[in-house]
Protein chains: 2
Amino acid sequence: MEWTIQQVAHSAGVSSRTLRHYDDIGLLPPSRVGDNGYRYYDAAAVARLQRVLLLRDLGLGLPAIADVLDRQQDEEAALRNHIGLLEAERDRLDQRIRAVRRTLDARRSGRDGSMEMMLEGFNDPYRDEVIARWGERVFQESNDWWHGKSLREQRDWKQDTDRLVAGWIEAWEDGVSPTSDRAQAMAARHVEWLRRIPGTPVAEGDRERSIELVRGLGRLYVEDPNYAATYGGTDGAVFVRDSLDEYVRLSM
Amino acid sequence: MEWTIQQVAHSAGVSSRTLRHYDDIGLLPPSRVGDNGYRYYDAAAVARLQRVLLLRDLGLGLPAIADVLDRQQDEEAALRNHIGLLEAERDRLDQRIRAVRRTLDARRSGRDGSMEMMLEGFNDPYRDEVIARWGERVFQESNDWWHGKSLREQRDWKQDTDRLVAGWIEAWEDGVSPTSDRAQAMAARHVEWLRRIPGTPVAEGDRERSIELVRGLGRLYVEDPNYAATYGGTDGAVFVRDSLDEYVRLSM
DNA sequence: GCTTGACCCTGCCGTAGCGTCAACTTCTAA
DNA sequence: TTAGAAGTTGACGCTACGGCAGGGTCAAGC
């Protein structure tokens, strides 16, 4: 018993174009090709098609399917590997969703794109505030540092910052306490991040003023609605402040 | 001040090919093109590039970015819409991951592909078992029904079944009780699913024997390791059995 | 034998976002 | 002047086919 391409396609719920494609790439050659060039499929070919479609439904790529079916590429290993890829993909998606959400929240709380870009540095939009709190020199140096970066470095910095903020928000949403290892690790990351901004006492190794800065930042995050929004609202900012305070007490 | 393509590309951390592509599709034309054909970018063009890259990092497609930047396509709406797409994508991925996991578990517990395909029907691999429990006629009819399906219908049926099983496992993992609305809704789905298999008492409207069948299936799921594995192990199967029992008591 | 309609074939373009040659011209510094 | 760096415009490649165009084949009816 053999069937024409249309019969097989219809029965399997795929298009004849698909079957021709599978023939083209060598995944599923017809069992017989007539003198007229017509493709004919027998029961074995249909069974192979079934296996192909099963694996395809699981999201495997056609070359991977060919590997499994032809080179007896240990199906289980292939599937496990595939799961790994899928999970990585999903994690990337999750990351992205969170990033877009944060951007949206930032927009809604009134910060525009350019402000957003330099929000986390001590830069122009906060000039007066920064100078009043930490002095002209801190503002000058960190500002020069920021504007001296290439676009790429600015984007990379922003990405690091985003990840830092994302880490805080996640920790908070997971309900950990400010004294937990997780929150303290975040605080350490936060201080590391500060160390990379020239002009700050942290970068200069001035312990006393570093402590003052870190504690001051915690207050700023809670009091300034823009910053608070960044950390998921006042509650989130309070969590960050408390974690930083605890870190100062224990580790600085 | 203006820059060459290479300077802009390097500073932004993208390739010059990318900038040419953005020019080709009209997303980012250079501010000036020399008589020699060289592209030159001024500050405005670079600023536009910055916005493009920001949106690109969020995962928006180039046409969507063009919409936002040019047609003032309400950025917030675009981002919200984008989030929706991303979430749908992630949900699809999750579905797939669970499906692949189940397939893997099935493989590990000794069922091969063809068995997996008809596992949930009353078919050949379970011939003796089915006949012993529910009689020859049930087996004959449901078996004929299965083999009378086209490949497509078989795949569709399998997909429905997978979703049913996935629903059970999710409910179980979410920790709901067998008496909860959620579990009872699943049980109703399960019975509906049975109704679609000719030869079963459920399909024929025989209440007494339907009850017997549903309760019997619950027992089978728990006792047969193959079925138990399908439902995520014995514990999951117990949850399904208890839910079905409860459903029988309340709604049949 | 001829027509009609259904079915089959082989290309080829398009998809998203560029990477990667290839072939050629232009600028820049020694 | 000349090498080498940097610029240009094509054009193909990647996934997994969809959707044409243009033309052959088959079964049935007249």
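The chains referred to below are lettered A, B, ... by the order of the sequence lines, with proteins before strands, and numbering in each begins at 1. Values in this document were obtained by computation on a predicted structure and should not be read as measured data. No hydrogens, no waters, no symmetry mates; every other heavy atom, side chains included, goes into these values.
Read 5' to 3', the first and last nucleotides of DNA chain C with an atom closer than 4.0 Å to a heavy atom of chain A are dC7(C) to dC12(C).
Considering only the side chain of I5(B), dT8(D) comes nearest among dT8(D), dG18(D), dT25(D). Side-chain atoms of Q6(B) lie closest to dA6(D) of the nucleotides dT9(D), dC17(D), dA6(D).
S16(B) comes within 4.0 angstrom of nothing in the nucleic acid, heavy atoms only. Using a 4.0 Å heavy-atom criterion, one finds that G34(B) contacts no nucleic acid atom at all.
Nucleotides of DNA chain D nearest to P63(A) and N36(A) differ in position, and the one nearer the 5' end is that of P63(A).
A donor-acceptor pair under 3.5 Å links the side-chain atoms of R155(A) to the main chain of A12(B), judged by distance alone.
At a threshold of 4.0 Å, the pair E192(B)-R195(B) counts as salt-bridged, since one of the basic side-chain nitrogens sits closer than that to a carboxylate oxygen.
Applying the side-chain hydrogen bond (donor to acceptor under 3.5 Å, both in side chains) criterion to N81(B), with sequence neighbours excluded, gives no partner residue.
The side-chain heavy atoms of I197(A) and L194(A), taken from C-beta on, include a pair separated by under 4.5 Å. A 4.5 Å side-chain heavy-atom check between T4(B) and R39(B) finds every atom pair outside the cut-off. Between L93(B) and E89(A), the closest side-chain pair of non-hydrogen atoms falls below 4.5 Å. Residues Q7(A) and Y41(A) fail the side-chain proximity criterion, which asks for heavy atoms closer than 4.5 Å. V100(A) places none of its side-chain heavy atoms less than 4.5 Å from the side chain of R80(B).
Here the separation of dC12(D) from dC12(C), taken at their C1' atoms, is 14 Å to the nearest Å.
Side-chain N/O atoms of R39(B) include none lying less than 4.0 angstrom from OP1 or OP2 on dG7(D). Checking the phosphate oxygens (OP1, OP2) of dC17(D), a side-chain nitrogen or oxygen of Y22(A) falls inside 4.0 Å. Proximity of T18(A) to the phosphate of dG18(D): a side-chain N or O atom is located under 4.0 Å from OP1 or OP2.
Counting heavy-atom neighbours within 6.0 Å of R90(A) CZ, excluding the residue itself, gives a total above 12.
Between Y40(B) atom OH and dG7(D) atom C1' the separation is 8 Å, expressed in whole Å. Whole-Å rounding puts the H21(A) NE2 to dG19(D) P distance at 15 Å. A straight line from CD of Q7(A) to P of dC26(D) spans 15 Å, rounded to a whole angstrom. When the C1' atom of dC17(D) is taken as reference, atom CG of L62(A) falls 9 Å away, rounded to whole Å. Atom CG in D24(A) sits roughly 12 Å away from atom P in dC17(D) (whole-Å rounding). Rounded to an integer number of Å, the gap from CG of D35(B) to P of dT9(D) is 14 Å. Distance CG (D57(A)) to P (dC17(D)): 11 Å, rounded to an integer number of Å. Put simply, CG on D23(A) is 14 Å from C1' on dC17(D), counting in whole angstrom units.
At a cut-off of 3.5 angstrom, counting only N and O atoms as typed in the model, there is a donor on one side and an acceptor on the other between the side-chain of R17(A) and the base of dG19(D).
Of the residues in residues 75-95 of chain B, none has a non-hydrogen atom less than 4.0 angstrom from any atom of DNA chain C.
Checked options T161(B), D156(B), D162(B); the residue passing with K158(B) is D162(B) (criterion: side-chain hydrogen bond (donor to acceptor under 3.5 Å, both in side chains)).
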